[in-house]
Amino acid sequence: MNRYYFDHAATSPMRQEAISAMVDVMSSGPGNPSSMHWYGREARQRVNRARDTIASLIGAKPAQLLFTSGGTESDNLAIIGAARAMQERGKTHIITSAIEHHAVLYACQSLQREGFELTILPVDQSGQLSVDVVREAMTDRTALVSVMYANNEVGTVQPIEAIGEAVRARGALFHVDAVQALGSLSINVGRLPVDLMSFSAHKINGPQGVGALYVGNTVALSPLLHGGSQERKRRAGTENVAGITGFAAALKAAVDELASRKLFMDQLRQQWVDLMLLATEGNIVVNGHPTDRLPHIVNISFLGIDTETMLMNLDMAGIAVSGGSACTSGSLERSHVLAAMAVGEDRLMSAVRFSFGMGNTLEELNEAAKSVETIVRRLRK
């Protein structure tokens, strides 16, 4: 049986460039970047080179970039660390949107239990947040606004620049979860009105277990981890030298191929939508914004077919997809993103996310579509 991996938004296969860079580190001998001897200095140089590379690719300065264990830690450190620091100035109000990743939503709810006021803003049926809604929600006590760059379930891109300008006008900090956007959209933090931005390596064909957080020069950050003085005393713990090196290699390759990748992903996405319309006789709905969207994600509701049933049948046919975000795809709960978009019960209960990336071809989409057509016909009988 042929197998098709259409779940790149959950995690992506590693690039050879990243693998080679990591193998080089892992085969070069022991090295703790905090050690004073030759081995430690060599490891420190590797981390510094990777930091320089990643910073240059996102328009940051190396000192503004700190490494984490992934997107979840980057989100938590940005939100909780910045909010606690702002609390000392009497700022105790947090704002986010209803379609954020759980790493953001749960971090905000954790602050709420500490005594912070939390406002969760609604989005429209395309999954987009209005700048006016953000403006109206802010007060003089607002410490932080956190809005994702692009949604991981439906691909909708937010008006980050306009929201950031509005947030700055009120003297609050602006955090952006760019985990899903990195490698698909051009990102320059030096030109965007953002104070904190979170990234992860494994969404861009890099290694799992490593991420980064951009921190603006004027941002105070209360650390979550305590121990050593790594990452300018903001994130204790021995650096993942191999992972960080692989992250830099993957990002460089992704940025080099950004334009050509976008064109091809758009082509794959449109081809899949066309194939699904044929396979279902048009009885589907594509969820998300029609134009302001990531090129590699398409969320489709197969009307009349339960999501879990569809996922099970696709898996048995060798087609790997998701019912939502990777962190909740193993559970039976429905998508909080689609629920926030108020798309209606039928669309909510029948949504499947397909996400494409390195290794996918137009030919395999045509092959997989035949299996989908067979599944849909059988289930609708």
Side-chain angles (χ1 to χ4, degrees), residues 6-9 97-101 121-135 147-166 174 176-188 191-194 197 203-204 254-255 257-278 280 282-303 321-322 324-325 335-344 347-348 350-357 360 362 365 369:
F6 300 155
D7 201 17
H8 291 256
S97 85
I99 61 162
E100 299 300 310
H101 191 279
L121 301 178
V123 295
D124 63 21
Q125 284 202 331
S126 73
Q128 202 163 65
L129 180 63
S130 164
V131 180
D132 290 335
V133 169
V134 177
R135 280 199 194 94
V147 177
M148 64 188 352
Y149 209 132
N151 187 261
N152 52 302
E153 291 193 32
V154 297
T156 297
V157 176
Q158 303 297 338
I160 291 302
E161 189 167 357
I163 293 174
E165 294 290 355
F174 187 37
V176 174
D177 177 342
V179 167
Q180 203 61 244
L182 187 66
S184 291
L185 301 177
S186 179
I187 294 176
N188 188 320
R191 296 176 184 171
L192 288 169
V194 299
M197 189 173 280
K203 307 292 188 178
I204 58 165
V255 171
E257 298 173 3
L258 187 65
S260 59
R261 179 183 184 276
K262 183 181 183 305
L263 286 173
F264 187 54
M265 289 302 110
D266 273 328
Q267 188 178 5
L268 287 177
R269 184 186 186 280
Q270 188 57 56
Q271 173 84 345
W272 188 249
V273 171
D274 292 342
L275 288 168
M276 291 302 96
L277 285 168
L278 288 172
T280 63
N283 199 15
I284 61 170
V285 177
V286 178
N287 301 304
H289 200 282
T291 55
D292 296 338
R293 54 173 174 74
L294 293 175
H296 66 294
I297 293 177
V298 56
N299 188 296
I300 296 175
S301 290
F302 292 84
L303 302 176
V321 297
S322 172
S325 67
S335 166
H336 72 285
V337 173
L338 291 173
M341 290 164 57
V343 297
R347 286 167 63 180
L348 174 63
S350 61
V352 176
R353 181 188 69 183
F354 302 87
S355 51
F356 308 110
N360 290 143
L362 291 168
L365 263 65

Engineer: Atom CG in L362, atom CZ in F356: separation rounded to 0.5 Å?
Structural biologist: 10.0 Å

Engineer: So which atom in A178 and which in Y149 form the shortest heavy-atom distance, rounded to 0.1 Å?
Structural biologist: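 That would be CA-CB, 4.1 Å.
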
Engineer: If we only count heavy atoms from C-beta on, is the Q158 to I99 side-chain gap below 4.5 Å?
Structural biologist: yes

Engineer: Looking at CG of L277 and CD1 of I284, how far apart are the two atoms once the value is rounded to the nearest 0.5 Å?
Structural biologist: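 Those atoms lie 4.0 Å apart.
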
Engineer: With a 4.5 Å cut-off on side-chain heavy atoms, are N152 and K203 touching?
Structural biologist: no

Engineer: Taking side chain as C-beta onward, heavy atoms only, is L129 less than 4.5 Å from V123?
Structural biologist: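 L129 reaches V123 side chain to side chain.
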
Engineer: Can you tell me how far the CG atom of L182 sits from the CD1 atom of I187, to the nearest 0.5 Å?
Structural biologist: 5.0 Å

Engineer: Let me confirm one number: the CD-CG distance from E165 to L192, rounded to the nearest 0.5 Å.
Structural biologist: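 CG of L192 is found 9.5 Å from CD of E165.
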
Engineer: Apply side-chain contact (heavy atoms from CB on, under 4.5 Å) to R353 and D7, showing your working.
Structural biologist: CA-CA 8 Å; R353 181 188 69 183; D7 201 17; 3.2 Å; yes

Engineer: Taking all atoms of both residues into account, what is the closest heavy-atom pair of A254 and G183, and its distance?
Structural biologist: CB-CA, 4.3 Å

Engineer: Which heavy-atom pair separates V286 from V298 by the least distance, and what is that distance?
Structural biologist: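 Smallest interatomic distance, heavy atoms only, reads CG1-CG2, 4.0 Å.
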
Engineer: Tell me, do V194 and I160 make a side-chain contact under 4.5 Å, heavy atoms counted?
Structural biologist: yes

Engineer: Do D266 and Q270 meet the criterion of a side-chain donor-acceptor pair at a distance under 3.5 Å?
Structural biologist: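 Side-chain D/A pair, D266 to Q270: absent.
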
Engineer: S130: what forms a side-chain hydrogen bond (donor to acceptor under 3.5 Å, both in side chains) with it, not counting sequence neighbours?
Structural biologist: none

Engineer: Compare every heavy atom of G155 with every heavy atom of I297, then report the nearest pair and how far apart it is.
Structural biologist: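 Scanning both residues, the minimum pair turns out to be CG2-N, 3.9 Å.
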
Engineer: Are the side chains of R269 and R293 in touch, meaning some heavy atoms are under 4.5 Å apart?
Structural biologist: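 Heavy-atom side-chain distance check passes, below 4.5 Å.
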
Engineer: Could you pull out all residues at least two apart from H289 that satisfy ring pair (Phe, Tyr, Trp, His ring centres under 6.0 Å)?
Structural biologist: none

Engineer: The criterion is side-chain hydrogen bond (donor to acceptor under 3.5 Å, both in side chains); which residues satisfy it with S97, sequence neighbours excluded?
Structural biologist: E100

Engineer: For residues V133 and L121, report the shortest heavy-atom separation together with the two atoms involved.
Structural biologist: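 Taking every non-hydrogen atom into account, CG1-CD2, 3.9 Å.
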
Engineer: Which residues pass the side-chain hydrogen bond (donor to acceptor under 3.5 Å, both in side chains) test with E161, not counting sequence neighbours?
Structural biologist: none

Engineer: Test of understanding: with side chain to side chain contact (heavy atoms under 4.5 Å, CB included), list the residues that count as partners of R347, not counting sequence neighbours.
Structural biologist: V285, N287, S301, L303, V343

Engineer: Within the 4.5 Å heavy-atom criterion, are L294 and Q180 side-chain neighbours or not?
Structural biologist: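 When only atoms from C-beta onward are counted, Q180 and L294 do touch, with a gap below 4.5 Å.
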
Engineer: Just by modelled atom types, is the S184 backbone N or O under 3.5 Å from a matching donor or acceptor in the K262 side chain?
Structural biologist: no

Engineer: Considering residues at least two apart in sequence or located in another chain, which fulfil the ring pair (Phe, Tyr, Trp, His ring centres under 6.0 Å) criterion with F174?
Structural biologist: none

Engineer: Work out which heavy atom in A351 is nearest to a heavy atom in N299; give both atom names and the distance.
Structural biologist: CB-OD1, 3.5 Å

Engineer: When you measure from the side chain of E153 to the backbone of L338, do you find a donor-acceptor pair of N or O atoms at a distance under 3.5 Å?
Structural biologist: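 Not confirmed, E153 side chain does not pair with L338 backbone.
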
Engineer: Can a donor-acceptor pair be found between the side chains of N360 and H296 at a distance below 3.5 Å?
Structural biologist: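 Short answer, no.
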
Engineer: Run the numbers on M341 and T156 for side-chain contact (heavy atoms from CB on, under 4.5 Å), then give the verdict.
Structural biologist: CA-CA 11 Å; M341 290 164 57; T156 297; 5.5 Å; no

